[in-house]
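Working notes, structure below.
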Amino acid sequence: MANILNWIIFIPLIGAAVVLIAPAKQAKSIAWLTTFLVFIISCLTFGPFLDGSYQAGDYGTMQFESKLPWIQVGGTAAADGSRVGGFNINWHVGLDGLSFPLMILTTLITWLSAWASWNFEHWNVNKGPKGFFALFLILETGVLGTFAALDFFLFYIFWEVMLLPMYFLIGVWGGPRKEYAAIKFFIYTLAGSVLMLIALLAMYFASADAMGGKGTFNLIEYATIPAITEMFNSPTLTFLGWNFGKAMFVMLFIGFMIKVPLFPFHTWLPDAHVEAPTPISMILAGVLLKLGAYGFLRVCYPLFPEAGAQLAWLVATLGVINIIYGAFCCLAQTDFKRLVAYSSISHMGYVVLGCAIMTDVGFQGAMFQMLAHGISSPMCFFLVGVIYDRAHHRDLNRFGGLWLAMPKYGSMATLGFFASLGLPALCGFIGEIWVLLGTFNAPFAWAKTAAVISAFGVVLTAGYILWMIQRVYLGKLREEYAHYPDATARETAILFPMAVLAIFLGILPKYTFNLMNGTIDDMMVFLNPIVTKAVAASSIVMGG
Amino acid sequence: MSQITLPWVARSPEKLASYRRSAIVRLIGLGLLHVALAFAGFLWLEPFNEAKLADWKIVPVLVLCVGAGLAGLTLIAGGLAVATYERIGRILKWGYNAFAVFLGGVLAVCLIVWLHAFVFELVKTSPSGGTNTIPVLGIPYSLSVHDLYKAMESTSPGIPFDKNVRLTIPPLAYLLWPLQFGLVRDLVAMGGIIGFVSIIPAFGIWWERKVAGRIQSRMGPMRTGGWHGWAQSAADGIKLVFKEDFIPSGGDTLLFKLAVYIVFIPPLLAFIALPFAGAWVFRDLDVALLFILAMLGIEVLGVILAGWASNNKWSVYGAMREACQMVSYEIPMGMSLLIPVMMAGSLQLTAITDAQGGGFWNWFVFANPWCFIAFFIYYAASLASCKRAPFDLPESESELVAGFLTEYSGMRWSLFFFGEYVAMFVVSGLAVILFLGGWKSPIPEEWVENAVVQMGAAENMIGTIIRGLFKEGPILFILKAAFLYYVQMWIRWTLPRIRIDQVLYACVQVLLPLTMIVLLANTLWILGVEHLKLGWLVTVDTGIRWVLVAIGVLTAMGMIGIAMYGYKNNRRLVGSQAANQLPGS
Amino acid sequence: MFEIGLNHYLVLSALVFSLGVLCMATKRNAIGILIGVELVLNSANINLVAFSKYSAGAADGHIFAVFVILLAAAEAAIAIAIFMNFYSALRTIDVDRGDELRN
Amino acid sequence: MPTGLLILADMWMPSADDLAAIGPLWGFVGTLVAILVAALAVGRNWRVTGMLAALGAAVTGWMALRTVMSPPTNWAGLSPNNSPMFVADQFSAFFVLLVSVFMLLVIGMWWMGQNAGLPERLSRKGDSVEFFILLIGSAFGMSMMVSTTNLLMIVLAVEMASLPSYAITAFRKQHAKAAEAGLKYVLFGAVTSAIMIYGASLLYGHYHTLDLAEIGRTIRIEGAPTLLMGVSLFAFMVGVAFKVSAVPFHFWCPDVFEGAAIEVTTWLSVASKAAGLGLMLRIISVLTFKIASPETLNTLATAIAVMAALTCTVGNLSAFRQTNMKRLLAFSSIAHAGYMLMAVAIVWMNNGSPTEGVAHPAFSAIVGYISVYLVMNLGAFLVVAMVYWATGSESIDAMNGLMRRSPLLAVMMVVFLFSLVGLPPMGGFMAKLYLLYALWDATWYSLVIVAVFNTLISLYYYARVARAMVFSDDGQPAIRVPMVGQALATVCALVVLYTGTVGAGTLKAFSDDRAKDLYAVVKPGIAVHTAAESARPDSVNENGTLWNGQNSTTVPNNDGWHIGLAARKVDSDRNKNGE
Amino acid sequence: MDAVAFYIFAAVVLASAVGVVVSKNIVRTAVCLLGTLGGVACLYFLLDANLLAAIQLIVYAGGTLILIVFGVMLTSQSPWVGFKPTRGQAVVATIVALLLAVGIITLTTTADWRPSAEGPLAASPKVADVGNSLLTTYLAPFEVASVLLLVVMIGAAYLARTEK
């Protein structure tokens with residue numbers, strides 16, 4: 001555990017234990033300290049990423065890598081200690097351009113939302129803070145572990161570890177329909193992970209076949225060892241009568257798309273957001289949704305590029321539907337939080353679209369959009385939370401002119417929502433435009449159509465955000481809100497880092513792109529030929 | 001006899017006399033007709049003619065000659081009996097001393113022994129002729145009448161039969177011929193068993209009443225029949241046959257009727273496996289002991305059903321008590337019976353008896369102290385399983401009216417008693433076979449054999465009789481069994497009835513542990529004496545055996561002494577004085 | 001027809017078995033069902049003994065049958081005791097009346 | 001005087017080594033006797049009885065553990081002929097260990113229950129003698145179920161396990177539900193065991209032996225069993241399916257679980273199923289070992305697989321509507337039996353060529369699963385029991401607000417419940433993963449999918465319990481729970497968490513070690529009789545060519561367990577002469 | 001002769017088994033069972049299984065059956081312990097049982113039962129054989145059965161005991 005990454009993953013768990021032991025009054029301070037500590041430590045890992053030294057031109061080069069044997073049993077032992085015909089499961093974590101930015105995002109957002117839950121007593125008096133903060137910290141461990149895991153099995157475990165804390169956090173400390181929301185979230189997510197479990201086994205067995213019985217769960221090896229990639233993408237290998245690669249891709253995709261969430265499986269999200277307490281909504285929108293998209297980038301596309309290329313039309317379609325559908329839903333909302341939730345759906349659509357086209361611009365756009373959304377949406381949720389703390393309702397139509405009553409808060413809110421809108425010079429813009437440009441230039445026949453349709457999403461977004469701002473912050477101040485105090489120091493302090501980042505990302509996106517470009521370029525080395533081939537094949541079909 | 005009133009007998013003596021006259025005439029007439037028919041058959045079929053023996057004649061000879069002749073003689077005898085029944089009664093009365101009757105019975109049994117042995121040996125050892133078939137039925141057989149005749153003429157070896165007496169009665173061959181078929185032999189044996197079994201309860205009930213009378217200082221039945229009420233059972237039987245058959249309403253009629261048979265048939269079936277002597281057994285089963293126990297066990301079901309079907313509280317109580325009692329006592333009973341089984345190494349009753357030959361000191365009851373105890377356990381348990389006093393809870397009159405018998409009357413009622421008395425004989429017989437040397441004589445067999453040879457009667461009928469009386473045979477068995485039968489009555493009329501909880505306590509808390517201890521101890525004892533041959537134990541064993549034998553001898557002598565004393569001083573007993581004052585005594 | 005062989009016993013056993021199953025299926029009385037079980041056990045025993053005589057030719061079948069009888073007795077003892085408990089609790093042994101545990 | 005006993009005295013007797021080989025079984029019988037003697041000596045003292053039973057279970061467990069930890073040995077015998085009555089190998093020792101450890105835990109639970117002072121508790125303290133006689137009797141039966149390959153012994157063992165179970169189900173005499181549960185249990189049990197015996201009789205008719213190994217050998221030579229034999233085999237398995245409560249022989253399970261006292265329910269939920277599965281595995285492994293064409297028994301394997309899938313699905317779906325915790329857990333246990341049965345089905349399929357020294361994946365999966373299941377199910381029942389003792393209610397409403405009323409219990413219960421679902425990082429997930437791995441290994445993808453989707457649907461009802469504990473608080477007062485109970489539950493939860501995280505490899509290694517031995521009893525290669533005279537091999541089986549001994553120290557063409565038995569030829573000859 | 005006996009006993013067995021099924025009164029059912037048990041015992045005699053026949057009578061007819069009848073009587077208030085399956089149920093059950101019977105008969109009578117080489121009668125075991133087997137080959141089941149009976153006895157006694 002000497003590795004700093006391991007500490008980052010497990011400090012929250014230790015913090016959770018301390019929270020449980022310590023007196024209830026200290027829980028929130030401990031949680032704050034722990035998350036802050038994790039954030040600070042995670043900032044220490046900037047080193048190799050800032051100076052670009054992590055780019056070795058080879059996909060799978062990891063920083064802060066830590067590999068320990070975990071479940072290595074069964075079968076017979078090979079010379080290197082791995083098992084032939086048994087299990088090879090390792091504790092294998094590491095950071096690269098895909099996971100690092102998201103991890104930093106996670107530690108930051110978690111810290112901020114831990115701080116945001118300081119008015120715990122305010123939103124639920126009866127239920128002890130110990131449980132809340134312990135679960136909160138366990139959740140952080142789960143998220144960090146998932147981002148850092150390089151062993152698919154470990155990935156799966158951490159993926160599932162997030163489930164229970166989230167279930168209870170929504171279910172206990174949520175709103176009026178918390179139980180419904182919690183179980184809905186739980187079952188949707190578990191359904192996805194069940195498919196992932198099947199894929200996990202299938203891939204393990206396929207890799208074992210490829211490696212002469214020495215199966216592996218290593219995500220990097222899956223993508224880089226030729227024997228395994230051949231096996232995974234072989235046109236002849238089948239699974240239950242389908243092409244193996246396609247079947248795996250689809251199963252994993254469904255598993256991840258539930259988390260994103262993509263169109264048919266998105267319904268849990270508004271419920272969960274509406275019912276969850278503010279800090280949980282922040283985490284959910286800011287971090288948890290990214291896990292699905294991270295799964296696409298980490299697992300689906302590097303491992304099954306051919307299936308990805310062949311099914312790109314489907315993924316892109318879903319992404320476009322998400323963008324447009326989410327935006328339309330937003331237009332129809334009267335619940336402030338629900339609106340923000342649907343806007344998340346819409347924004348995550350860009351991420352999916354960016355992934356679908358499988359070009360470097362698309363991936364970069366998707367990653368950037370994830371980060372941008374990871375900053376803007378917690379900010380939005382917190383803003384909603386702030387006003388909810390005061391008004392105890394979220395009905396858009398009952399607000400009005402809040403800016404007048406709360407100028408500091410109003411400014412922050414405008415900034416946050418504009419970032420979400422995708423106003424140039426704010427973070428949202430870069431991600432969206434990158435994805436749209438990438439899509440427009442993508443080699444697929446349908447790409448331009450998709451780009452054009454998606455561009456309408458931007459318009460719709462602008463529409464609903466502006467309408468919302470107009471309804472809530474502008475206009476005549478209503479009597480009942482006149483006496484509302486402005487944002488407190490704590491609230492300001494929470495909003496401030498996000499506001500700064502939103503501007504920073506919007507103005508100097510280069511530094512952010514630098515963090516991830518190396519890895520995406522490495523990935524493109526083997527993705528590009530496959531995409532080209534797939535496009536060629538499909539155009540032949542289309543031509544013929 | 002005159003006291004008996006039959007329903008169809010007119011009240012007036014005149015009518016009675018006329019009925020009697022017409023009966024005599026008809027019987028004798030019919031009898032003569034049959035005899036004439038038989039004679040005609042003889043003339044036609046010529047069965048005496050040695051040269052004209054033929055298989056095809058079997059059926060006509062059996063029907064016409066033998067059947068018609070015997071039927072005619074029987075009818076004539078019946079007619080004569082009706083004509084002279086008063087005289088017969090006087091003749092029987094003349095035999096004031098029972099000994100003569102008894103001796104006659106014994107002689108008859110000896111004769112039956114001889115005949116039995118003869119027939120079966122003959123069939124067994126006869127030379128097999130050609131394969132013939134019965135014309136119509138198509139059943140194959142090996143022995144023709146002629147073969148049989150030849151075999152009889154040359155007298156088969158091993159049969160105690162005087163060679164000088166030539167068999168000159170060929171019809172006997174016709175008569176014996178069917179016996180080569182197993183079915184026929186079985187039927188004959190069954191006839192014998194059923195006959196014997198019907199005698200047991202009739203005799204037993206009379207005897208029980210006499211014993212009860214003597215023990216309670218009264219005479220017992222004295223009126224019906226001449227001598228000591230000998231016809232009492234027959235009279236009771238006739239009475240019961242004609243009594244109204246009462247079936248309670250609300251009960252289960254079918255089961256009410258069925259219960260009787262479930263009680264009454266199994267003890268009868270026990271005789272299938274109960275040997276009277278070496279060859280005197282219907283089926284020499286290798287699991288005879290278990291079979292008999294099973295038959296005794298099934299009886300319970302009938303009792304329960306009887307109680308149930310009577311739709312009467314007392315009946316159900318009685319049945320439940322009975323079931324509890326009999327089922328519980330089966331366990332110590334069965335376990336104590338295991339001890340002789342262990343000694344003999346077989347469940348076959350003939351084999352167990354064969355292991356006890358050579359003098360009464362070889363009887364299993366004296367074999368070792370455990371066997372001695374086991375005998376008494378068995379005897380006590382068998383009393384309970386026959387629901388005899390002191391275990392006659394199921395029918396304890398003072399509490400339950402008559403228990404499961406309450407609603408029964410007439411013939412059904414009597415069949416229950418029939419079953420009970422037969423079962424009494426069966427358990428006594430089992431005790432005799434397992435513990436008291438069965439049909440073996442108390443004195444060593446060589447002694448009898450030597451005596452017969454010295455008398456020069458080795459080959460003739462006298463020798464047969466002596467052997468049958470003193471060496472081995474059904475008579476010895478029946479005598480021994482009758483003694484135990486008598487002891488059962490003795491106990492019944494001596495001991496008071498105990499309570500149901502005491503009954504069950506005695507079984508579960510006393511007899512059962514005791515039997516277990518005895519079983520275990522006996523096993524170890526035999527192991528020590530016979531297998532390991534521990535010197536000290538062998539010595540102890542021999543010593544104890546002689547002590548036990550001495551106890552046995554002293555007991556026997558004491559009983560004989562008491563009986564003699566009683567016989568001699570019967571006039572001095574209170575009961576006799578009382579009896580003398582009774583009318584009709 | 002007059003030569004009795006294995007098949008005769010097997011047919012008989014099959015019939016008894018079916019009757020036992022029928023009994024178990026149609027009786028609503030717990031003891032009735034138990035009696036059906038006894039029929040099935042008897043059919044199994046007929047099989048065992050017949051096989052022992054006609055095909056297998058060893059004591060195994062007999063021994064098995066002995067144990068089956070023993071088991072039937074043990075089972076009946078426990079079953080009757082439980083029925084009596086049930087009866088004293090619910091005043092019936094109609095299995096359809098035991099529906100307290102239905103959900 | 002020729003006495004019967006003399007013949008007996010010269011008969012074959014089991015040697016001391018033979019008797020020692022079935023040591024754990026003696027443990028149970030000895031405990032039984034000790035409790036009876038103690039009851040006679042000191043009267044009906046529930047503490048003495050409980051201590052004795054615990055001691056007996058511990059000793060038995062220790063003896064089983066010694067076998068489990070010793071190098072693989074295989075013993076089969078206790079009979080002078082070639083028909084071993086008992087089998088003692090790693091396989092059986094593992095299950096005996098399981099049963100005895102579980103019994104120890106159940107005794108702990110019972111102890112707490114006795115102290116709880118609830119009016120409707122298991123029994124009066126004075127009845128503990130009967131209770132333990134019955135409990136140990138069923139434990140003995142369950143141990144025997146996995147320690148034999150003889151049809152007669154199997155039937156006896158199943159009855160030995162069942163009959164006392166019927167009695168302890170109806171043990172609460174004043175309790176109408178208990179009586180009803182006992183009634184249903186005994187009726188279902190009697191019917192299935194009758195059908196089982198009928199099946200056994202037909203098997204005997206065709207194969208002329210009661211020895212399953214012999215039957216397996218015949219199948220190897222003759223090939224596929226006929227339709228009738230297949231049906232008979234299935235009928236025979238019905239009794240076992242009843243023990244594992246496989247659909248459609250599961251109807252007893254929820255009623256019995258609800259009606260029986262909670263200690264008894266706990267006991268039946270794991271031990272009975274474990275033994276049933278062990279027996280099923282034993283039958284299958286012995287019958288299908290080295291069968292020339294594995295397809296011959298495919299129909300039966302498919303039948304078991306279908307049964308497993310049904311069991312799983314029906315169990316999970318039926319659990320949805322339950323409001324009684326015990327009933328809910330009963331259906332959950334049916335579902336879990338279904339998961340394990342899936343692995344049984346693939347043992348049947350995967351018989352082609354067991355590799356020497358490599359664990360059978362399916363069996364390994366079952367071992368792992370059942371080990372974890374034991375702990376998590378005990379834990380769940382323990383929490384339900386403690387709530388029951390405190391409130392007198394077993395309904396799901398009694399759990400309401402447990403998070404506030406007894407946070408520790410609630411947290412433990414959450415761990416157990418989600419372990420039962422099969423969520424990481426709980427041991428239940430690892431167990432299920434190994435199971436799925438085995439299913440996949442056997443290429444039964446359909447079973448994998450069934451299992452996985454059952455996991456998904458099972459989530460709902462387990463989460464309902466969690467919901468009751470955490471979300472819905474109806475203001476019931478806080479409960480006091482015994483320290484021992486808290487400790488026991490904590491230990492169980494820690495074990496569950498340990499096996500799900502750090503100890504996952506240990507769990508797998510443990511299972512693999514146990515699973516190496518599945519075919520030992522039919523493999524002459526490592527079959528060594530413990531008896532000293534086993535060095536004199538003189539009975540060579542004509543079928544010995546089927547297995548060429550890999551181990552040079554054993555005699556080739558020698559049919560396994562006959563080695564040691566043949567040495568008693570002298571005895572059996574004398575025996576023959578004695579007839 | 002044997003054939004006649006077989007047919008008689010088989011008829012008894014079947015008739016009483018049918019009686020068991022059709023009789024509406026549970027006590028009569030039990031009595032019919034006696035017929036079956038007795039008939040089967042007779043068949044055992046025919047099959048040279050004397051010991052088994054005796055055990056069947058002594059344990060089954062004399063013990064188990066009485067227990068059952070006891071149970072019947074102790075668990076009924078009225079003398080008519082009836083049962084009433086609906087007509088539909090009865091018909092369905094009968095059809096199923098008929099199919100079962102036909103199926104089993106077809107399968108068993110056409111199966112190859114591999115008669116033993118020594119011929120049928122040569123090998124039928126005697127009482128001593130059975131006894132020897134019980135104490136040698138089947139010593140283990142014998143002992144196990146004793147434990148079983150002990151446990152069952154205690155259990156049944158406990159359950160049947162009235163609560164004080």
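The figures here come from the full heavy-atom set of this structure, side chains too, leaving out hydrogens, waters and symmetry mates. The shown structure was predicted, so the numbers you read here are calculated from the model rather than taken from an experiment. Every chain is numbered from 1, with letters handed out A, B, ... down the list of sequences.
With a threshold of 4.5 angstrom between heavy atoms, D:Tyr166 does not approach chain E through any atom at all. Neither the backbone nor the side chain of D:Phe132 comes within contact range of chain E; no heavy atom of the residue lies under 4.5 Å from a heavy atom of that chain. Only the side chain of D:Leu152 comes within contact range of chain E, judged by heavy atoms closer than 4.5 Å. With a 4.5 Å cut-off on non-hydrogen atoms, D:Met160 touches chain E through its backbone and its side chain both. Contacts between E:Leu139 and chain D at a heavy-atom distance below 4.5 Å involve the side chain alone, from C-beta outward. Looking at D:Leu32, the atoms closer than 4.5 Å to chain E (heavy atoms on both sides) all sit in the side chain, from C-beta outward. Of the two parts of D:Leu202, the backbone and the side chain both hold a non-hydrogen atom closer than 4.5 Å to a non-hydrogen atom of chain E. E:Thr110 does not touch chain D: none of its heavy atoms, backbone or side chain, sits under 4.5 Å away. Neither the backbone nor the side chain of D:Leu25 comes within contact range of chain E; no heavy atom of the residue lies under 4.5 Å from a heavy atom of that chain. For D:Leu134, the parts sitting under 4.5 Å from any heavy atom of chain E are the backbone and the side chain alike.
Annotation: maximal heavy-atom pairing with chain D below 4.5 Å, among E:Ala145, E:Pro141, E:Ala156, occurs at E:Pro141. Among E:Val152, E:Leu150, E:Val147, the residue making the largest number of heavy-atom pairs under 4.5 Å with chain D is E:Val147. Among D:Met153, D:Met229, D:Glu130, D:Met144, the residue making the largest number of heavy-atom pairs under 4.5 Å with chain E is D:Glu130.
Of the possible polar contacts, none joining the D:Arg44 side chain to the D:Ala39 backbone as a donor-acceptor pair under 3.5 Å is found. Distance alone, capped at 3.5 Å, is enough to place a donor-acceptor pair between the E:Ser16 side chain and the E:Thr36 backbone. Judged purely by atom type and a 3.5 angstrom limit, E:Gln56 has no side-chain atom pairing as donor or acceptor with the backbone of E:Gly38. In terms of modelled atom types and a separation under 3.5 Å, the side chain of D:Thr169 and the main chain of D:Gly259 share no donor-acceptor contact. Although no hydrogens or angles enter the test, the distance criterion places no donor-acceptor pair under 3.5 Å between the side chain of D:Thr148 and the main chain of D:Met145.
Using a 4.5 Å heavy-atom cutoff, the side chains of D:Val155 and D:Leu151 are not in contact.
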Applying side-chain contact (heavy atoms from CB on, under 4.5 Å), run through E:Ile55 and E:Leu51 and close with a yes or a no. CA-CA 6 Å; E:Ile55 290 175; E:Leu51 180 66; 3.9 Å; yes
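In plain terms, the two heavy atoms of E:Val20 and E:Thr29 that are nearest each other are O-CG2, 3.3 Å.
Judged by distance alone, the side chains of D:Trp26 and D:Thr60 never bring a donor and an acceptor atom under 3.5 Å apart.
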